[in-house]
Student: 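Quick one: the structure is below, questions incoming.
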Amino acid sequence: MKICHAQTNGDYAFFRKMFSQEDGVLAIGADPNEWWFDYDAITKVFQAQLEETGGFKILVDDPCACCNGSAGWIAGNPAIKMNNGTEFPMRLTVVLEKAQDGWKIVQWRSSVGVSNEGLIGETLTT
């Protein structure tokens, strides 16, 4: 996925170009404080986090990508590999809207899966 490769390579010009600058653009991360509703905030925090972590790789899986008219979406389970060797699985969904100058990200959602047992103390049907 080009998005994952851009983040791995620190190509934030790609993100500034790919994220919609329209009202309603949203990015949600795995941390409870990661919820941004503004283009400037999103693009600044993506770059800041890469700098703070010293960089990391996104190991792309086999994402599912679909579109219907002017709406598109991508879902995948990439892994994050930190520079210190720590690796963990992620969940990523991206919603895009077809604009005059190409597809633009209108929603980005990354999370880390937690088991039902770990979250609520019960095993549920999955």
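As the structure is a prediction and not an experimental result, all values here were calculated from the model. Note that the numbering runs from 1 along the sequence shown for the chain.
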Student: Just so I know, are the side chains of E87 and L59 near enough to count as touching, which here means a heavy-atom distance under 4.5 Å?
Tutor: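 They are in side-chain contact.
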
Student: Run L26 and W36 through side chain to side chain contact (heavy atoms under 4.5 Å, CB included) and show every step you take.
Tutor: CA-CA 6 Å; L26 172 65; W36 307 282; 6.0 Å; no

Student: Quick check: are there more than 12 heavy atoms from other residues, nucleotides or ligands sitting under 6.0 Å from CG of N84?
Tutor: yes

Student: Given the rule in the side chain to side chain donor-acceptor pair (under 3.5 Å) test, do E52 and Q47 qualify, once you have shown the distances and angles that lead to the verdict?
Tutor: CA-CA 9 Å; E52 292 165 357; Q47 184 168 355; over 6 Å; no

Student: Does E34 use its side chain to pair, donor to acceptor, with the backbone of D31 at less than 3.5 Å?
Tutor: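 The answer is yes, because a donor-acceptor pair under 3.5 Å joins these two groups.
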
Student: What closest approach, in Å, do M18 and W103 show between heavy atoms, and which atom pair accounts for it?
Tutor: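 For M18 versus W103, the nearest heavy atoms are CE-O, 3.5 Å.
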
Student: At their closest point, which heavy atom of D61 faces which heavy atom of N77, and how far apart are they?
Tutor: OD2-N, 2.7 Å

Student: Once you measure the plane-to-plane angle for W108 and F19, does it fall in the parallel (<30°), tilted (30-60°) or perpendicular (>60°) bin?
Tutor: tilted

Student: R109 side chain to G29 main-chain N or O, any donor-acceptor pair under 3.5 Å?
Tutor: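 Checking the backbone N and O of G29 against the side chain of R109, a donor-acceptor pair under 3.5 Å is found.
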
Student: Is I74 linked to I28 within one hydrophobic cluster, defined over Ile, Leu, Val, Met, Phe, Trp and Tyr using a side-chain heavy-atom separation of less than 4.5 Å?
Tutor: no

Student: Apply the test side chain to side chain contact (heavy atoms under 4.5 Å, CB included) to residues F88 and M90: give CA-CA distance (whole Å), side-chain angles for both, the deciding distance (0.1 Å), then the verdict.
Tutor: CA-CA 7 Å; F88 57 92; M90 288 291 289; 3.5 Å; yes

Student: Walk me through whether L96 and K98 qualify under side chain to side chain contact (heavy atoms under 4.5 Å, CB included).
Tutor: CA-CA 7 Å; L96 303 105; K98 195 169 189 177; over 6 Å; no

Student: Carefully, step by step, assess R16 and Y39 under the rule side chain to side chain contact (heavy atoms under 4.5 Å, CB included).
Tutor: CA-CA 8 Å; R16 286 187 291 276; Y39 170 82; 3.3 Å; yes

Student: Indicate if V112 and L92 have the same hydrophobic cluster label, given that clusters are the connected sets of ILVMFWY residues with side-chain heavy-atom separations under 4.5 angstrom.
Tutor: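 Same cluster: V112 reaches L92 through Ile, Leu, Val, Met, Phe, Trp or Tyr contacts under 4.5 Å.
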
Student: Taking atom types as modelled, find out whether E117 and T123 have a side-chain donor-acceptor pair closer than 3.5 angstrom.
Tutor: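 Yes - a donor-acceptor pair under 3.5 Å links their side chains.
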
Student: Short question: side chain of N68, backbone of A71 - any donor-acceptor pair under 3.5 Å?
Tutor: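 Pair absent, no side-chain N/O of N68 close to backbone of A71.
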
Student: Can you name the closest pair of heavy atoms from L50 and T53 and give their distance?
Tutor: O-OG1, 3.2 Å

Student: Measure across P78 and V60 and return the closest heavy-atom pair with its distance rounded to 0.1 Å.
Tutor: CB-CA, 4.3 Å

Student: Quick check: closest heavy atoms across V25 and I105, and the distance to 0.1 Å?
Tutor: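 Closest pair (atom of V25, atom of I105, distance): CG2-O, 3.6 Å.
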
Student: Taking atom types as modelled, is there a side-chain donor on E97 or Q107 under 3.5 Å from an acceptor on the other?
Tutor: no

Student: Give the cluster check for F37 versus V95: same hydrophobic cluster or not, with ILVMFWY residues linked at side-chain heavy-atom distances below 4.5 Å.
Tutor: no

Student: I need the minimum non-hydrogen distance between S111 and A30, along with the two atoms involved.
Tutor: CA-CB, 4.0 Å

Student: Less than 4.5 Å apart, any side-chain heavy atom of S20 and any of V106?
Tutor: yes

